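As the structure is a prediction and not an experimental result, all values here were calculated from the model. Atoms within a ligand are numbered from 1 in the order they appear, just like the ligands themselves. Just so you know, these numbers use all the heavy atoms, side chains as well, and skip hydrogens, waters and symmetry mates.
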Amino acid sequence: MIKADLVLNDVWIIEPDLFGDHRGWFMETYNNSVFMKNGININFVQDNHSFSAQKGTLRGLHYQLNPKAQTKLVRCTKGSIFDVAVDLRVDSQTFGKWTSAILSESNKKQFLVPKGFAHGFITLEDDVEVQYKVDEYYSSTNDRSILWSDPNIGIKWPQNLVPILSNKDKFAPLLLQAEINYEYGDL
Ligand SMILES: Cc1cn([C@H]2C[C@H](O)[C@@H](COP(=O)(O)OP(=O)(O)O[C@H]3O[C@H](C)C(=O)[C@H](O)[C@H]3O)O2)c(=O)[nH]c1=O
C-alpha cells in the first residue's frame, strides 16, 4: 500500500508502508501495481543516484524538453532535502506555480514530479544521497535549467542556506526566458 497526497496539479507526495520488526524495517520503494491502483501509470526506465557533500547544495531547477520530458519519483536515502517542483505546462492553471516537500532518510517520503515540471532540491545537511526513477532516458541535448531564485516563481527556499551551485545552475535563465515546449494535453 502507499499513502498518496496530491499537492499540486499531478504532483504527489507518497509514503510507502514500512514493516518494522526487532531486526529493523522493510518497505517496497516502488510497486507498479500499487501505483496503477492509485491511478498513477508510469513506465520508469532509469534509476538515478546523487551524492551532495555539503549542506546547502542546490541542484536544479532542471527539466528535459519534449519529447524527452521526464516524470521523476524522488526519495532521499541519506540525510534530508527541501525538494521542489515547478509547473512549466504553458496551458496549465498552475503554470509557474511551485510546491515543495521535505524528503528524508527518516520520513521515507517520495515526491512524484510529472513530465512538464522543473525539479530541484537543496540539501539540509552534509553527505546527502538522493535516488530517483525517471520514465525517459537522459538527453543532454534536451536538458534545460531555470534559475533557482527566479522572482517570477518565488520559491521560498530555507532561509539559512547559501546555495552551492553548478555553473549550469548558477547562470540558468529565468522562467520567462527559458525554452519550454510543454502543452498540458500532450504530456
Ligand atoms: C541527470 C543526468 C546527468 N548525467 C551526467 C551529466 C553530467 O556529466 C553529470 C552531472 O549532471 P548534472 O549536473 O545535470 O546533475 P544534477 O545537477 O544532479 O542534475 C539532476 O538534478 C536535478 C535535481 C534533476 O531533477 C535532474 O534529474 C538532474 O538534472 O551527470 C547523466 O549521465 N545522466 C543523467 O540522467
Below 4.0 angstrom, N of the basic side chain to O of the carboxylate: do Lys72 and Asp83 qualify?
-> no
For ligand 1, protein residues within the heavy-atom limit of under 4.0 Å are Gln46, Asn48, Arg59, His62, Lys72, His119, Phe121, Tyr132, Tyr138, Lys168
Decide, yes or no, whether a salt bridge links Asp126 with Lys55 under the criterion of side-chain N to carboxylate O below 4.0 Å.
-> no
Among the clusters formed by ILVMFWY side chains lying less than 4.5 Å apart, do Phe121 and Ile164 turn up in the same one?
-> no
Side chains of Glu129 and Thr77: is there a donor and an acceptor less than 3.5 Å apart?
-> no
Is it true that Lys168 and Asp143 make a salt bridge, defined as a side-chain N closer than 4.0 Å to a carboxylate O?
-> yes
Would you indicate whether Tyr137, at its atom OH, is surrounded by more than 12 heavy atoms from other residues, nucleotides or ligands within a distance under 6.0 Å?
-> no
